[in-house]
Amino acid sequence: MSTAAAEIEDGLGTLAGTGKLLRFQARRTRVFLIGWFAGLAGGTWMIAAAFPGLYPTAADRAQYATTVDTPAMRSMTGPVEYIEAYADSTAAMLAHNMLLWTGALTAVMFALLVTRVTRADEETSRLEVIRSLPVGRRADLAAAMLLAVIASLVLGLLLALTVLGVPGADLEGALLYGLAHAAIGIVFAALTAVAAQIAGFGSTATGMAFGVIGLAALMSGVGSAQESGAIWASPIGWSQETFVFTAGQRWWPLAVSAGAAALLAWLAFSLVTRRDFGQGMMPARAGRAHAGGGLRSVGSLTLRLNRAVLWSGVVTMLLLGAAYGSVVGSADDMLETLSDTQRQVLDQGGASIEQNFAATISALDGLFASIFGLLVVGRARREETGGRGELLAAGPVPRSGWPGSYLPTALATVTLAVAVGGLFLAITGSASTGDGAFFGELLGASLLQLPAAWALTAFAFAAYAWLPRAGWLRWLAWVYAFVVSYFGQLLDMPAWSRALSPFDHLARYPAEDVEWLPVVLLTLVAGVFAVLGYAGARRRDLHFS
Amino acid sequence: MNAVIRTENLVKRFGHVTALDHLNLEVAQGETHGFLGPNGAGKSTTIRVLLGMLRSDEGRAELFGADPWKDAAELHRRLAYVPGDVALWPGLTGGETIDLLGRLRGGIDKRKRDELLERFDLDPRKKGRSYSKGNRQKVALVAAFAADVDLLLLDEPTSGLDPLMGAVFNECVREASAQGRTVLLSSHIMSEVEALCERVSIIRKGVIAETGTLADMRHFSRSRLRATLKNPVRGLGDHDGVHDLKTDGLDIDCNVDAAALDDVLAQLAVAGVAALTCEPPSLEQIFMRFYGDELAASGVQEENGK
């Protein structure tokens, strides 16, 4: 009797060949894995190494704790329990500032990893070759999940080693810190595995997973800001609730992660055999035999192809704006409970605490809305490598139309996302403070971010036009701006290095008066990158597979 | 001769790989030109240079007498292209894709579109993601044949079609040709090229190895000759123009150069002929001759005339 037949008798038929596939998938994703390991552990290491020097004494940390202990700052870091431990433990301060973001990035990493070895392979018929071998129907999913679990644990171990040297970190705490990340990785790997069964194809699965990651970050932020149970709605929040490195450190929230991951994995495994190969759970419907009146130019096609990105941008920014706006009012309540020193730190330049809050939040509106512009630009590259652009490039379409139409589409997406985010921030913000005049200030503060968001988007397009293969380059400027926005003050980055982020040049309206010169200059910078981008798109070869 | 396509010493490199190495190709107005070569010989690269998607490193390329890189968008009004591997937008139906491509060109002949959909037996209501390879190919073919253009660039257009659809395709190419359209048909399906093309260019390793009419190529090639003789013939194998001679009693089987046919037939006539067949070489055999050394290198015997 062959081994395969024996396995079927053991009820393992659908898992046959999992071990071999695991080795194969690990080999295929090793560059991806090593890159992400290096990025996450390296980034953590750099910040961990800088911390003791920046905040050497308990007094330094206690002082920083007062600036962080506002709803706005908590929504961008984590629960208040960590802040209370700042003075005792540098490691607690590190965990408080890092966990939400490295956790979200870990989630992104595992969403990408799982789609890459499941659905994306199925689409390109690479998996078809594998399924025709003597392997079980569930083997590729099992191998993908095993790979994700192993990679999560490796990442957790690396992060544990990374933070072990930070003052206030003991071995148990470091392990918990690492496993808190591993837990996020495993939960989102399982979640993406479910999305990969439901979705019609790979990019939809990634999109669904990213949506959940965004929601998880949002719920964590809302929960931390309001000190409410909303944080328990977020898988990232479960890891934050371990209160790692504080006196109240606890392991049991990771059991919630483990339970959720097991449930999701079970769901994915029961779905995988219920659907047809190459199809999702959502059935295909017959479409229109003729193109509608709206579909008559490359521009309208580009807009249609990016509709999903546009809508997810609008919805995300709507939720983000509404969530942040609703906590503006609580800033006011908090003011009464503050000590004089805290008031001093917060009342910078005579602006009110709400105005400072509004300035900080609206800068984030611009930063997050830019993501959707960058996604549109990335789509241009996918149209190219996927070969779909070839039919357009062979038509009477100049390069300014294809791939050129992706820049205006990206800019429109960014603009709409910023505006919607600002609008809902203004609506809920003015409602929560009961101050109608605040509506204009909040909306204006958000719209003020537009030139910086345009500059990032145009930079990404220029990077795509000149160095299309370097996908990381398109995100470089955005990641840098993100680091400056979140860690610039914490890490005490020098002024010149902060000035490389476009958002750094804009006035902190409404806490400060609007300066128009940076607005004009940033718009010009965006224009220069756009011109560069079009020049690049005209002169390079198109890479159709 | 009025050339629609002309390249002179065209060179295209990708890094250290030279894909096109001084390629000279000429396609006259109104002709259906076969572009033959194995995978990786440079057929698609040539067509993409002609479409202005790739910029040549050296030499010249001309389309309707203009520069395909600089005037790409203008020139594309006059041509339609079918790629070898058609990728469609997963969320757009076949019908929407055909209409969009037509509208980019300034409008589509509805009657012709529907007629072609019928002939190719294509359901235009399906989404791009659910079409098979052959059906994706059909979407591009319908869009191309429905377009009112002067030139059709077809890059291995039938690679996913079944024989029935292959016949419909051949019909469509003949109709396009009858309407005075120029066709460049890249292929490695010999019967298709033999049935459709007046002139053929054979490309190998980025250079045109041979170009001409099929009749010319046959003329310069060997015919297969089989005969049953009345008396044994001697000295046939010594003749320079006779190859792969096999004798089995009075039956002979050999390949004969076109120039040697006179001599050989005279020799056979002396011996007396009971039966005789003489076949011109197929395009496949001509093609194999140009790639004989590559085949030999990969362990395949040269099979010319077999």
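All heavy atoms count here, side chains included; hydrogens, waters and symmetry mates do not. Protein chains get the first letters and strands the later ones, always in sequence-line order, with residue 1 at the start of each.
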Is there side-chain contact between [X] and [Y], with heavy atoms separated by less than 4.5 Å?
X	Y	value
A:H290	B:I108	no
A:H543	B:M53	no
A:L295	B:L92	yes
B:W89	A:R304	no
B:R55	A:R540	no
B:L54	A:L542	no

If we define contacts as heavy-atom pairs under 4.5 Å, which of [options] has the most with chain A?
options	answer
B:P124, B:G102, B:A147, B:G52	B:P124
B:A87, B:S44, B:G95	B:A87
B:P83, B:A72, B:A73, B:G106	B:A73

Do other residues, nucleotides or ligands put more than 12 heavy atoms under 6.0 Å from the [atom1] atom of [X]?
X	atom1	answer
B:K70	NZ	no
B:R60	CZ	no
B:E118	CD	no

*asked:* Quick check for you: to the nearest 0.5 Å, what is the distance between B:L100 atom CG and A:S297 atom OG?
replied: 8.0 Å
Counting only heavy atoms closer than 4.5 Å, note whether [X] contacts chain A via side chain, backbone, both or neither.
X	value
B:R113	side chain
B:D71	neither
B:L101	side chain

Can you tell me which portion of [X] sits under 4.5 Å from chain B's heavy atoms? Options are side chain, backbone, both or neither.
X	answer
A:R399	side chain
A:R538	backbone
A:L391	both

*B:D99 and A:R288 ion-paired at < 4.0 Å*: no
*Minimum heavy-atom separation for B:Y81 to A:E390, with atom names?*
OH-OE2, 2.6 Å
*Closest contact, heavy atoms only, A:P396 versus B:R77*: CB-CG, 3.6 Å
*Among A:G292, A:A394, A:G401, A:G395, single out the residue with the greatest number of heavy-atom pairs under 4.5 Å to chain B.*
A:A394
_Between B:K12 and A:D541, does the side-chain contact (heavy atoms from CB on, under 4.5 Å) criterion hold? Intermediate values first, please._
CA-CA 11 Å; B:K12 177 67 196 174; A:D541 287 351; 2.5 Å; yes
